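Contents: one structure, followed by commentary.
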Amino acid sequence: MSSVERSWYRPFGWTLLLFPLAILFWFISVLRKSLYRFNWLKQTHFDVPVIVVGNISVGGNGKTPMVIWLCEYLMQQQKKVVVISRGYGAKSSHYPLNVTSDVIASQAGDEPVLIHQRTGVPVVVGPNRVDNIKFAIEHFQPDVIISDDGMQHYKMKRDVEICIVDATRRFGNGFLIPMGPLRELPRRLKTVDLVIENGGCAAMHYQLIATGLYCVKQQQPLNAPYPAGIAMSAIGNPQRFENSLTDFGVRIDQRVHFRDHHHFSAADFEHYSQNTIYMTEKDAVKCTSFAKPDWYYLKVDAQLNEQAKVALTSLLLKKGIIHGL
């Protein structure tokens with residue numbers, strides 16, 4: 001995490017100097033949204049319902065576990081699901097890219113690869129979400145499409161918006177990029193269909209429940225007692241991961257942080273060759289090819305509270321995405 005990003009969650013300091021840039025970001029954002037609202041820019045409509053799972057702030061909100069939960073829930077309702085994603089940091093020779101078992105994180109991004117591995121659903125990656133949806137409809141004929149992020153991609157018509165809010169960090173200092181972490185102001189939450197907190201005790205929330213430690217290389221479970229080791233991560237909120245590790249019974253000797261979505265290479269681990277390494281599942285998909293036998297990842301699952309499940313089910317029924325249970 002850069003010094004600018006850290007400042008978003010601290011009392012004001014030198015980032016006050018970025019206020020003019022935040023005003024410029026706000027003006028461009030409002031102008032762009034207004035152009036779509038008044039049909040000066042046209043939204044693209046689809047014959048398949050689109051569910052956006054997004055947020056109004058950058059990084060580390062815990063969307064991916066919610067996307068995985070929603071995929072599994074819809075598949076239980078006998079729905080054919082496709083996920084689309086921008087694929088942050090991805091570098092492929094062509095887009096849209098269909099994520100298969102042969103596609104690696106550097107081509108598609110870490111989160112799309114993880115979602116495909118965990119759920120088995122088709123995942124389509126590319127910088128143009130409208131093109132991704134058209135590709136998904138043409139090649140997979142889905143019943144429903146889930147957009148991993150994309151709340152601010154207003155060209156893409158959506159049927160349902162679910163906004164994820166991190167219960168601990170929430171909206172940081174409350175300012176827009178680059179002065180703060182926000183893509184849109186908190187009043188945007190009044191226009192979405194559901195606001196679900198990651199963690200905390202809001203009326204609608206989910207907890208990230210650790211369900212096991214697994215070897216990065218062989219995918220085999222690690223049984224307790226767990227050896228002490230280094231917690232290494234490249235995520236938006238490493239503290240949450242490290243707390244989960246500790247709660248699961250791992251003693252952390254050292255914490256090593258990289259920027260969110262950092263593309264790991266073997267060189268990143270040279271100074272820790274004699275240590276047990278613990279990482280997130282999202283980071284593990286980038287390290288499979290060079291991982292050592294004593295590198296492990298913590299698997300976590302979203303566990304929605306009853307009120308969130310009832311509200312989500314009611315919403316999907318109302319929209320006609322699922323039918324009587």
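Being a predicted model, the structure only gives us computed values, none of them experimental.
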Can you see whether R129 engages S147 through a side-chain donor-acceptor pair at a distance of less than 3.5 angstrom? yes
Do you see a donor-acceptor pair shorter than 3.5 Å between the side chains of Q219 and Y297? yes
Is the [X]-[Y] ring centre distance short of 6.0 angstrom?
X    : Y    : answer
F264 : F269 : yes
F135 : Y95  : no
Y226 : F248 : yes

Is any side-chain heavy atom of I145 closer than 4.5 Å to one of V124? no
Is a side-chain N or O of K91 found less than 3.5 angstrom from the main chain of A108, in a donor-acceptor match? no
Sub-3.5 Å donor-acceptor pair from the side chain of K80 to the main-chain atoms of F140, do we have one? yes
Residue of the set D110, V67, V99 for which side chain to side chain contact (heavy atoms under 4.5 Å, CB included) holds with I115: V67
Report the relative orientation of the aromatic rings in F19 and F175; use parallel for angles under 30°, tilted for 30 to 60°, perpendicular for over 60°. perpendicular
Please identify each residue that fulfils side chain to side chain donor-acceptor pair (under 3.5 Å) with T64, with sequence neighbours left out. none
Which residues pass the ring-ring contact (aromatic ring centres under 6.0 Å, His included) test with F27, sequence neighbours left out? none
Which residue pairs satisfy the salt bridge (charged side-chain N to carboxylate O under 4.0 Å, His left out) criterion with at least one member in residues 271-281, sequence neighbours excluded? R118-E281
